[in-house]
Participant: 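Starting off with a structure, shown below.
These numbers come from a predicted model, not from an experiment.
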Amino acid sequence: MKLNVRAQSAQNLHNNSPIVLVHGLFGSLDNLGILARDLVADHDIIQVDMRNHGLSPRSEEMNYPAMAQDLLDTLDEHHIETATVIGHSMGGKAVMALTALAPERIDRLVAIDIAPVDYHVRRHDEIFAAINAVTNAGVATRQQAATVMREFLKEEGVIQFLLKSFVDGAWRFNVPVLWEQYPHIVGWEAIPAWDHPALFIPGGNSPYVTEAYRDDLLAQFPQAKAHVIAGAGHWVHAEKPDAVLRAIRRYLAE
């Protein structure tokens with residue numbers, strides 16, 4: 001699948017590997033823009049819309065082997081031999097799945113607030129309800145959509161995040177497929193160990209990366225290190241961008 005991307009060249013001459021930034025569920029290539037704006041100083045940057053999100057193609061299939069293949073196709077399309085891959089949430093799982101498909105194509109790996117596990121939990125049903133309510137209400141503006149969504153969602157930050165994908169009265173993600181394929185998105189099938197340094201950046205207040213997942217994580221990423229961002233929830237990079245960038249830059253410099 002040919003994903004929609006935004007490609008930027010590094011501002012300074014460098015020998016660093018390009019960085020591919022991969023958003024999470026209900027996101028778009030803009031979501032990791034706060035990281036891109038800093039890292040483009042000395043890395044070529046590729047931001048992607050994942051399948052069924054943004055302006056990328058639609059598909060009935062929404063699982064991690066398929067998403068990893070999309071990322072590999074993107075590397076090939078841009079003639080990138082090896083890349084640093086940074087993903088948040090669903091995007092973090094997608095870049096982890098890429099290690100099973102093409103381990104030799106990855107230079108460094110950063111997973112933001114996600115573990116390589118099947119979570120067996122539905123955390124997004126209220127979000128789906130809010131999204132569907134907006135569709136059913138037939139509203140055209142983000143302001144009208146926000147009013148509808150506040151009946152379902154209490155966190156204003158989540159509402160504003162979702163509204164970035166509400167354009168001209170329509171959602172830019174494929175709601176029916178994301179609902180149908182949701183067990184695959186929260187799920188995971190264990191992959192062979194990728195025995196290279198990897199960085200995991202959990203939010204200190206988030207339930208997504210806990211001590212309970214430590215053994216599963218280290219079985220698949222035996223050289224993983226974690227840098228917990230205190231006081232941050234699941235959207236770590238949005239809440240504490242400076243701390244996240246410091247952790248990433250320290251890891252890239254090792």
Participant: Other residues, nucleotides and ligands only: do more than 12 of their heavy atoms fall within 6.0 Å of CD on E180?
Facilitator: no
Participant: Let me confirm one number: the NE2-CD1 distance from H78 to I46, rounded to the nearest 0.5 Å.
Facilitator: 4.5 Å
Participant: Quick check: do L162 and K164 have side-chain heavy atoms less than 4.5 Å from each other?
Facilitator: no
Participant: Quick one: does any side-chain atom of H53 pair with a main-chain N or O of F26 as donor and acceptor, under 3.5 Å?
Facilitator: yes
Participant: Any side-chain donor paired with an acceptor under 3.5 Å for Q181 and E61?
Facilitator: no
Participant: With heavy-atom distances below 4.5 Å as the criterion, would you say the side chains of N4 and V48 are in contact?
Facilitator: no
Participant: Above 12 or not: heavy atoms from other molecules or residues under 6.0 Å from CD of Q69?
Facilitator: yes
Participant: Should L153 and E126 count as side-chain neighbours, where that means a heavy-atom distance under 4.5 Å?
Facilitator: yes
Participant: Find the distance between CE (M149) and NZ (K154) and round it off to the nearest 0.5 Å.
Facilitator: 12.0 Å
Participant: Treating T135 as the side-chain partner and I131 as the backbone partner, does any N or O pair qualify as donor plus acceptor under 3.5 Å?
Facilitator: yes
Participant: Looking at CD of Q143 and CG of L163, how far apart are the two atoms once the value is rounded to the nearest 0.5 Å?
Facilitator: 10.5 Å
Participant: Give the minimum heavy-atom separation between A193 and P222, together with the two atoms involved.
Facilitator: CB-CD, 4.0 Å
Participant: Taking the six-membered ring of W171 as reference, does the NZ or CZ atom of R58 fall below 6.0 Å from its centre and within a 45° cone about the axis?
Facilitator: no
Participant: How about W188 and D216: do any of their side-chain heavy atoms sit closer than 4.5 Å?
Facilitator: no
Participant: In this structure, would I191 and I185 fall into the same cluster of hydrophobic residues linked by side-chain contacts under 4.5 Å?
Facilitator: yes
Participant: Return the minimal non-hydrogen interatomic distance between M1 and S59, and the atom names on each side.
Facilitator: CE-CB, 3.7 Å
Participant: Starting at NE2 of H43, measure out to CG of N12 and round the result to the nearest 0.5 Å.
Facilitator: 10.5 Å
Participant: Work out which heavy atom in E239 is nearest to a heavy atom in G231; give both atom names and the distance.
Facilitator: OE1-O, 4.0 Å
Participant: Decide yes or no for V20 and V22: does some side-chain heavy atom of the first lie under 4.5 Å from some side-chain heavy atom of the second?
Facilitator: yes
Participant: Can you tell me how far CE of M50 sits from CG of L71, rounded to the nearest 0.5 angstrom?
Facilitator: 4.5 Å
Participant: Check for a donor-acceptor pair, side chain of Q223 on one end and backbone N or O of D195 on the other, with a separation under 3.5 Å.
Facilitator: yes
Participant: Side chains of T141 and F166: does their closest heavy-atom pair fall under 4.5 Å?
Facilitator: no
Participant: Kindly check if the number of other-residue, nucleotide or ligand heavy atoms within 6.0 Å of CZ (R142) is above 12?
Facilitator: yes
Participant: Do other residues, nucleotides or ligands put more than 12 heavy atoms under 6.0 Å from R249 CZ?
Facilitator: yes
Participant: Determine whether a donor-acceptor pair (N or O, by modelled atom type, separation under 3.5 Å) exists between the side chain of D113 and the backbone of G203.
Facilitator: yes
Participant: Mind checking whether D125 and W179 have side chains closer than 4.5 Å, heavy atoms only?
Facilitator: yes
Participant: Under a 3.5 Å cutoff, is there a donor and acceptor pairing between the side chains of T82 and D107?
Facilitator: no
Participant: Do I86 and V95 make a side-chain contact, defined as non-hydrogen atoms from C-beta onward lying under 4.5 Å apart?
Facilitator: no
Participant: Verify whether the ring centers belonging to Y64 and H184 lie closer than 6.0 Å.
Facilitator: no
Participant: For atom CD of E60, decide whether the heavy atoms of other residues, nucleotides or ligands shown that lie under 6.0 angstrom number more than 12.
Facilitator: no
Participant: State yes or no: are the ring centers of F128 and F152 separated by less than 6.0 Å?
Facilitator: no
Participant: Does the gap between the ring centers of H88 and H237 come in under 6.0 Å?
Facilitator: yes
Participant: Output yes when a side-chain donor or acceptor of K2 lies under 3.5 Å from a complementary backbone atom of D70, and no otherwise.
Facilitator: no
Participant: Verify the neighbour count for atom CD of E104: are there more than 12 heavy atoms of other residues, nucleotides or ligands below 6.0 Å?
Facilitator: yes
Participant: Applying side chain to side chain contact (heavy atoms under 4.5 Å, CB included), run through D44 and I19 and close with a yes or a no.
Facilitator: CA-CA 6 Å; D44 294 342; I19 291 177; over 6 Å; no
Participant: Show, in sequence, the C-alpha distance, side-chain angles and deciding distance for R108 and L252, and conclude whether the side chain to side chain contact (heavy atoms under 4.5 Å, CB included) test is met.
Facilitator: CA-CA 7 Å; R108 295 293 178 102; L252 294 180; 4.1 Å; yes
Participant: N205 side chain to A230 main-chain N or O, any donor-acceptor pair under 3.5 Å?
Facilitator: no
Participant: Would you say K225's side chain and Y251's backbone share a donor-acceptor pair under 3.5 angstrom?
Facilitator: no
Participant: Under a 4.0 Å N-O cut-off, is there an ion pair linking E156 with R150?
Facilitator: yes
Participant: Tell me if the centroids of the rings in Y208 and Y119 come within less than 6.0 Å of each other.
Facilitator: yes
Participant: List the steps and the verdict of side chain to side chain contact (heavy atoms under 4.5 Å, CB included) for Y182 and L25.
Facilitator: CA-CA 10 Å; Y182 187 79; L25 180 61; 4.0 Å; yes
Participant: Under 3.5 Å, side chain of D38 to main-chain N/O of L35, donor-acceptor pair present?
Facilitator: no
Participant: Taking it one step at a time, do R6 and D30 satisfy salt bridge (Lys or Arg N to Asp or Glu O under 4.0 Å)?
Facilitator: CA-CA 9 Å; R6 177 187 296 146; D30 288 326; 2.8 Å; yes
Participant: Would you say W194's side chain and F221's backbone share a donor-acceptor pair under 3.5 angstrom?
Facilitator: no
Participant: Please check if any side-chain donor atom of D49 sits under 3.5 Å from a side-chain acceptor atom of S56, or the reverse.
Facilitator: no
Participant: How many angstroms lie between OG in S28 and CZ in F173, if you round to the nearest 0.5 Å?
Facilitator: 9.5 Å
Participant: With a 4.5 Å cut-off on side-chain heavy-atom distances among I, L, V, M, F, W and Y, is there a chain of contacts connecting V175 to F161?
Facilitator: yes
Participant: Quick check: does any side chain N or O of T210 sit under 3.5 Å from a backbone N or O of P207, one acting as donor and the other as acceptor?
Facilitator: no
Participant: Give a yes or no on this: more than 12 heavy atoms of other residues, nucleotides or ligands lie within 6.0 Å of atom CD of E155.
Facilitator: no
